[in-house]
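First up is the structure itself, then whatever we jot down about it.
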Amino acid sequence: MQQACAQTGSFTFYLLDGFALHAFSAATEALRLANEAAGRAVYDWRIVTADGGPVQSCCGTRLAANGSLAEARDRLHQAGHPRVVICGGRAVPPSDRALEGWLRLCRRCRVPLAGLAGGLYSLARAGVLDGRRSAVHWEHFPDFSERFAAVDARQTAFEIDGDLFTCAGGNAPFDMMLGIVEADLGQDIANRICEMALCERVRPAGERQRLPLQARLGIDNAVLIAVIEQMEANLSEPLKLADMSPATGLSRRKMERLFRREMGRSPARYYLDMRLERAHLLLQNSSLPVIEIAMACGFSTASHFSRTYREHYGCTPQQTRMAETERRRLDRPERRVA
């Protein structure tokens with residue numbers, strides 16, 4: 001197969017139904033500002049959709065496309081094929097054999113690939129993320145890591161692994177594109193873009209996407225933070241408090257008092273709430289059977305999980321999933337032009 005070499009200045013943005021307008025505009029704005037800072041048209045981009053028709057974002061804004069997937073596939077073997085960016089949103093996109101086949105072909109042709117937010121699912125289904133570092137949004141992370149065990153999924157803002165670029169969404173696409181611009185055009189241009197965008201710095205790949213525990217929970221006790229970090233890392237196979245206490249130098253009784261004073265509940269209750277939160281995200285963002293979600297969150301039986309979940313959320317796991325399915329049905333973008 002003849003290999004196509006990616007052209008530095010060109011991008012193809014493939015927009016999935018319900019894509020995040022914020023993430024897409026952040027990515028393209030970084031490229032626009034790069035052109036302005038460089039004083040010339042270094043970058044250009046095209047919008048591609050499945051059928052070449054308009055596509056609606058998750059906030060309802062429609063964008064016109066420059067071409068269809070079939071046309072993009074036909075252009076693949078042209079010299080200077082652009083980098084490909086798959087733009088998704090918060091929802092998990094359905095499987096699309098044509099899109100996934102195109103992504104595998106891009107991989108074989110050594111075309112750099114990128115995924116924004118839910119667009120990572122398309123890349124993962126195509127198999128191009130296997131064994132590679134990938135930034136996954138914390139809301140998607142429980143489901144994504146369960147589905148795609150071969151992917152080195154990380155809860156970071158964005159990751160650059162060779163010619164593979166992944167981004168959790170939100171503001172992070174701006175940072176990821178800024179990293180690409182810096183590699184292409186140098187630090188001076190990247191710094192100038194930051195000044196124009198009122199951005200205080202170029203955020204590096206691998207930086208955390210969520211606030212540190214100190215800020216997120218409003219605590220500054222180092223021992224408590226260490227224990228909670230252990231809990232977050234062991235949700236599917238919960239640790240016993242006795243296993244965590246020796247490392248902290250605190251007795252079980254002192255650990256209980258610390259949690260009640262700082263968190264307003266016992267360590268066991270806090271740990272349980274964390275596992276239930278993960279289950280809630282899996283119910284909303286995955287199609288995993290309830291028993292598999294129960295096991296992934298440290299519950300030995302579906303009945304125990306369902307009972308505990310209902311006590312916490314006031315509804316059953318099945319009701320949560322049905323409510324989310326209905327919400328997505330109502331929010332589903334229409335492909336026809338109004």
Can you find a pair of side-chain heavy atoms, one from [X] and one from [Y], that are under 4.5 Å apart?
| X | Y | result |
| --- | --- | --- |
| Ser306 | Thr316 | no |
| His140 | Leu120 | no |
| Met176 | Cys167 | yes |
| Pro93 | Arg125 | yes |
| Thr49 | Leu69 | no |
| Ile47 | Leu63 | yes |
| Tyr14 | Cys87 | no |
| Ile228 | Phe259 | yes |

Would you please say whether a donor-acceptor pair under 3.5 Å links the side chains of [X] and [Y]?
| X | Y | result |
| --- | --- | --- |
| Thr320 | Tyr309 | yes |
| Glu311 | Thr308 | no |
| Ser68 | Asp51 | no |

About how many Å separate [atom2] of [Y] and [atom1] of [X], when rounded to the nearest 0.5 Å?
| X | Y | atom1 | atom2 | answer |
| --- | --- | --- | --- | --- |
| Asp273 | Arg278 | CG | CZ | 15.5 Å |
| Met263 | Asn221 | CE | CG | 10.5 Å |
| Leu283 | Met322 | CG | CE | 11.0 Å |
| His312 | Arg275 | NE2 | CZ | 12.0 Å |
| Arg107 | Leu123 | CZ | CG | 9.5 Å |
| Thr325 | Gln284 | OG1 | CD | 10.5 Å |

Of all heavy-atom pairs between Leu178 and Ala190, which one has the smallest distance, and what is that distance? CD1-O, 4.1 Å
Note: Leu103 and Ala126 closest approach over all heavy atoms is CB-CB, 3.9 Å
Residues [X], [Y]: salt bridge by 4.0 Å N-O rule:
| X | Y | result |
| --- | --- | --- |
| Arg132 | Asp163 | yes |
| Asp184 | Arg83 | yes |
| Arg32 | Glu36 | yes |
| Arg97 | Glu100 | no |

For Arg104, is the CZ atom crowded, meaning more than 12 foreign heavy atoms sit under 6.0 Å from it? yes
More than 12 heavy atoms of other groups within 6.0 Å of Arg261 CZ: yes
Donor-acceptor pair, distance only, cut-off 3.5 Å: does the side chain of Arg90 make one with the backbone of Gly118? no
Verify, without hydrogens or angle tests, whether Tyr271 (side chain) and Lys240 (backbone) share a donor-acceptor contact under 3.5 angstrom. no
Determine whether Val85 and Thr12 satisfy the following criterion, side-chain contact (heavy atoms from CB on, under 4.5 Å), listing intermediate values before the conclusion. CA-CA 6 Å; Val85 185; Thr12 292; over 6 Å; no
Run the numbers on Phe174 and Thr28 for side-chain contact (heavy atoms from CB on, under 4.5 Å), then give the verdict. CA-CA 8 Å; Phe174 186 89; Thr28 53; over 6 Å; no
Starting from the C-alpha separation in whole Å, work towards a yes-or-no answer on side-chain contact (heavy atoms from CB on, under 4.5 Å) for Tyr270 and Val227. CA-CA 11 Å; Tyr270 187 84; Val227 172; over 6 Å; no
Grouping I, L, V, M, F, W and Y whenever their side-chain heavy atoms are under 4.5 Å apart, do [X] and [Y] come out in a common cluster?
| X | Y | result |
| --- | --- | --- |
| Leu105 | Val111 | yes |
| Leu129 | Val92 | yes |
| Leu281 | Leu272 | no |
| Leu276 | Met274 | no |

Arg321 and Glu324: CA distance, side-chain angles, deciding distance, salt bridge (charged side-chain N to carboxylate O under 4.0 Å, His left out) verdict: CA-CA 5 Å; Arg321 175 160 280 170; Glu324 180 65 15; over 6 Å; no
Lys NZ or Arg CZ of Arg46 over Phe11 ring: under 6.0 Å, within 45°: no
Anything under 30° is parallel, anything over 60° is perpendicular, the rest tilted; go ahead and classify His280 against Tyr313. parallel
Determine, stepwise, if the pair Val84 / Val48 fulfils side-chain contact (heavy atoms from CB on, under 4.5 Å). CA-CA 10 Å; Val84 170; Val48 170; over 6 Å; no
Given the side-chain rings of Phe24 and Phe13, with only the six-membered ring counted for Trp, is the space between their centroids under 6.0 Å? yes
Return all side-chain donor-acceptor pairs below 3.5 angstrom for residues 142-153, not counting sequence neighbours, or 'none' if the list is empty.
{"from": "Asp143", "atom 1": "OD1", "to": "Arg147", "atom 2": "NE", "distance (Å)": "3.0"}
{"from": "Asp143", "atom 1": "OD2", "to": "Tyr121", "atom 2": "OH", "distance (Å)": "2.6"}
{"from": "Asp143", "atom 1": "OD2", "to": "Arg147", "atom 2": "NE", "distance (Å)": "3.0"}
{"from": "Ser145", "atom 1": "OG", "to": "Phe141", "atom 2": "O", "distance (Å)": "2.7"}
{"from": "Ser145", "atom 1": "OG", "to": "Pro142", "atom 2": "O", "distance (Å)": "3.2"}
{"from": "Asp152", "atom 1": "OD1", "to": "Arg154", "atom 2": "NE", "distance (Å)": "3.4"}
{"from": "Asp152", "atom 1": "OD2", "to": "Arg154", "atom 2": "NE", "distance (Å)": "3.3"}
{"from": "Asp152", "atom 1": "OD2", "to": "Arg154", "atom 2": "NH2", "distance (Å)": "2.9"}

